[in-house]
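All residue numbers refer to positions in the sequence shown, counting from 1. Remember, it's 1-based here, ligands and their atoms both numbered in the order they're listed.
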Amino acid sequence: MYAMQKRKLFLICFLLLSPFGAMVRANPVDIGRELINLQTADLSMILMVGKDSLLYFQHFGRKIGDASPFLDKQTYRRVDYGTDPHAYYASGGTGYREPALRVTHSDGDLNTELAYLGHQQKILAAGNVTETTIALQDKKQHLLVELVIRAYMRENVFTQRVVIKNMQKGSVILHNFYSSYLPLRAKRYYLTSFHGAWAQEMFMEESPLNHGIKTIENKMGVRTTHTENPSFLLSLDTPLNEHAGDVIGGALAWSGNYKLNFQIDEFDILSITAGMNPYASEYRLAPGEAFHTPEMIYTYSTSGAGGVSRNLHDWARRYNVYDAETIRPTLLNSWEGAYFTFNEKTLTDMMDEAADMGLEMFVLDDGWFGNKYPRNSSNQGLGDWQVARDKLPRGISYLADYAVNKGLQFGIWIEPEMVNPKSELAENHPEWIVQAKGRPVPTTRGQWLLDMTNPQVQEFVFGVFDDVMQQSENISYIKWDANRHVESVGSAFLPADRQSHFWIEYIRGLYNVYERIRAKYPQVLIQACSSGGGRVDYGALKYHQEVWTSDNTDARSRIFIQYGTNMIYPALVTGSHVSAVPNHQTGNITPLKFRFDMAMSGRFGMELQPKDLSGEEKIFARKAIENYKGIRDIVMKGDLYRIISPYEGKGLYAIMYVSKDKKRAVVFDYCFEYQGRTRNSQLLRLHGLDPQKRYKLSELNVDKSSFWGNNKLFPGEYLMYEGINPRLQKIYDSAIFLLEEVEKSIEETK
Ligand code: DGJ
C-alpha cells in the first residue's frame, strides 16, 4: 500500500502543474460518492465516484433525472472481488476483465488503478452539445487519463475519446488503449455486426452473445469494411427488431485497425471495449507525451434498430460528415464504362451523353496518368501522377473545361497512398514503401503501399492532391482510392523500437494530410474509396462528403450492401450507381428500371458507357434522373424507415425516407424473388408520416402506374395504420412512390 500522505502530495503537485488544475476541486483528496449524470434529450449516462475514489459506471440508457439512489446502491458493486464496472477499466489492482487500458509503467509496474481527480463541463455548439472532461490518475504512478465525453442532446448520442498522458521520468508502454469501456446489464444480449469482403461489404449477422468474448476487428491497416466494420447494434433482452425494443448502436471513428470486444462475465455483465486495435501495436509513450484515442460513438434507442439509425444519421449529418449540408450532385463515373481504355474523345463523348441525360458531374476514374509506365492496366504507372500525354494531349484542364462548358462539374480519381513496382516513384523512392526489412514485399492488385508514417510521404501525398487540383480550377471532386491493405508490415522511417507504432501512425499520417487538404480545399467534394467500400467509417467521413459504397454495382447485391451500410451511415454518403448488365461482378440481368430504382435510394450516379444505352433507355434515364433530383433532398436529409428487410427471406425489400417536416416522403419497394401468390406479404405499412396530414401518392419512373392508389389522396393515418399494397410479383419488379402533403382546404378545416 502506498501512503495516503504521499498520494496527497502528488495530487497537490500535480494540480499545481497540470492543465487539470483549473478543473479540480480545492481539496482533491476529499472525494467520493459523487454522481456525474450526463444527459441527452432521452438518455442518461451515469458515473459515480466511489468511496475508494475510483470512478464507476452506473447506467447507460433511458433517462434518469434523479440519479441519487445510485449513491447508496450496493448490489452492483463487489469491491473485494474486482467485479465493479469501472468507467474506464485499467489492467491491475482488482480488475480482471478485458482492460480498456493496459500499461507497463517506466519502472516495470504492470498495474494501473485510476482514481478520480475532478471533472469539468463546457457547452459546445449552440447549447446542443456538452463536453465533460473527467480527469483520472493512477493511484501510484504519474499517469493521467482524461475521459472526454460529449453528449448530443437532440440526437441522443454520446461520444467518448481518451487522452493518456505520461508524467513519468521514463517512457511507458501502452498495450491496450481503447476509446471507451461500456458495462451493461440485461437478461440477454443480441449482437448485430457487419461482415464484409471486397464487393460484399456490410452484410449483417445477428448472434446472441454468450459468456466469453466476441470480437469484431480489423488487422488490415487501411480498410474498415473488408473484414467487419467498426460498428454494431446491440439489442437488449430480445433479438433485434426494426421498430421496437431497446437497442444500442455503436461506431468507432477510426480508419485503421480496430477492435471491439463484447465480454460477458460470470455476473452476466456485458462490457464493451472499443477502439484502435492493440494488435502488434505496443505504443511507447515518452515522458510528457500524450496519446489520443479516436472517438467511440454510442446511441441508445427505445424504438429498435430504426431509432439507432435515425439518431446516428442525424448526428452524422450535423456533426461528423464533412459538409453534410450540401446536396450532392448526380454523376457519371468513367470506370465501368471505359476502364483503362480511353482517349479524349471517349471522355468528351461520355460527357456529352451525361449532360444530355441531365447528370451534373463527370468523374474521370483511373487510367489518366503515367508516361514512362503508362497506366493502361492496374500493374503499372501508379505513383506517377503526370497526365498521360498519348491519351490526353490537352491535359486535364481541357477535359475539365469541356465538362464545365457542358454544364457539368468535373471530378478526377487519385490513389496517392499506393505505388506500382513498375513506376518511376518506386524506382526513385524504394524507402517510402511499406516493407519488412530484408523480406520480399508482396503485391496486392499489383501494387505496394506507401509509408504514411513518414512525413516525406505525407508531403508527397498532399502534393499529389494539390498538384491535381492545380491542373484546373474546374475540378470540384476527387475520388480518393486505396486498393491495398498492409502486408509484411515494416517502416524504413520508424526506429526499431517504434515499429509497432506503424498501424496507428499510418492513419495519423493520413489524417494529417486530410487536415492540410481540408484547410486548403474546404469546398472540394472528396469521395473515400478503398477497393470499393473499404473505408466506410466515421473517421474518414470527417474529411469526406461520401464513400464509394462497394465495387459491386449489381443492383440486387446493392440491396444487402446498402441496407447494411445505411444501418449506421446515412444515405447522403453512400455512392450508388447504375451500371451495365451483366457487369463485372455478377451475372444478374436486372432491368434498367430496377437499377435506377435501386441507385436512387442513395447518392445517385451512373457508371457505364452511355452510348451502349438504346434511345428508349436514354429517354427513361433522363426522366428518372429528373425524378431523382426531385426527391434527393428527402433521401439525403430525411428520416430513414425500413419497412421490409431483405433478410426476412421473402425476396422483398422496402424502405422509405420522410422529410423532417413530414410533408414529403419517398417509398422504395423492390422484389428480387418471384412472389407467386404471396402478394399480401407486400403490405407496406408506412412510418414517420403525420397521421393527420393528407398525402398525394404518385409513382415515379413509370409511364403508367399499375398501382390502384396512384395519384390518389391518402390520409396519413391510413398509410401508417393500414398501408399500401403495391403488386410486385416478378423478379426485379420495383416501384418508387412519392408522397406529398396536400393542404386541407379552408372549408375542410372549418
Ligand atoms: C477500385 C475502385 O473501387 C473502382 O471504383 C475504381 O476506381 C478502380 N479502383 C480503379 O482502379
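Heavy-atom contacts of Cys529 reach the following atoms of ligand 1: 2 (C), 3 (O) (cutoff under 4.0 Å). Counting atoms of ligand 1 from 1 in the listed order, those under 4.0 Å from a heavy atom of Trp548 are 3 (O), 5 (O). The ligand atoms of ligand 1 that sit less than 4.0 angstrom from a heavy atom of Gly532 are 3 (O).
Other residues, nucleotides and ligands contribute over 12 non-hydrogen atoms within 6.0 Å of the CZ atom of Arg445.
Under 4.0 angstrom from ligand 1, there are no non-hydrogen atoms of Glu415. Counting heavy atoms closer than 4.0 Å to ligand 1, residue His577 contributes nothing at all. When heavy-atom distances to ligand 1 are checked against a 4.0 Å cut-off, Asn483 comes that close only through its side chain, counted from C-beta outward.
Between Glu360 and Arg632 there is a salt bridge, since a side-chain N of the basic residue sits under 4.0 Å from a carboxylate O of the acidic one. With respect to Asp356 and Arg622, a salt bridge is recorded, a charged nitrogen being found less than 4.0 Å from a carboxylate O. We find that Arg518 and Glu515 are not joined by a salt bridge, their nearest charged nitrogen and carboxylate oxygen being 4.0 Å or further apart. Using a 4.0 Å cut-off between a side-chain N of Lys or Arg and a carboxylate O of Asp or Glu, Glu459 and Arg516 qualify as a salt bridge.
Considering both main-chain and side-chain atoms, Ser531 never comes within under 3.5 Å of ligand 1 through any nitrogen or oxygen pair. The shortest N or O to N or O distance between Trp335 and ligand 1 is not below 3.5 Å.
Nearest protein neighbour of atom 7 (O) of ligand 1, counting heavy atoms only, is Asp365 OD1, 2.6 Å. Nearest protein heavy-atom neighbour of atom 9 (N) of ligand 1: Asp481 OD2, 2.7 Å. Ranking protein heavy atoms by distance to atom 11 (O) of ligand 1, first place goes to Asp366 OD2, 2.7 Å. If you check which protein heavy atom lies closest to atom 5 (O) of ligand 1, you get Lys479 NZ, 2.7 Å.
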- Query: Could you go step by step and tell me if Gln435 and Ser488 meet the side chain to side chain donor-acceptor pair (under 3.5 Å) rule?
  - Reply: CA-CA 6 Å; Gln435 57 182 303; Ser488 197; over 6 Å; no
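Note on ligand 1: Met418 sits outside its first shell, no heavy atom being nearer than 4.0 Å.
Taking the salt bridge (Lys or Arg N to Asp or Glu O under 4.0 Å) definition, one finds that Glu295 meets it with Lys542, sequence neighbours left out.
A ring pair (Phe, Tyr, Trp, His ring centres under 6.0 Å) with His544 is found for exactly one of Tyr514, Tyr538, Tyr511, namely Tyr514.
Looking at Asn552, Asp551, Ile414, it is Asp551 that brings a heavy atom closest to atom 4 (C) of ligand 1.
For the pair Met598/Ser734, no side-chain contact is recorded, criterion being any heavy-atom separation below 4.5 Å from C-beta on.
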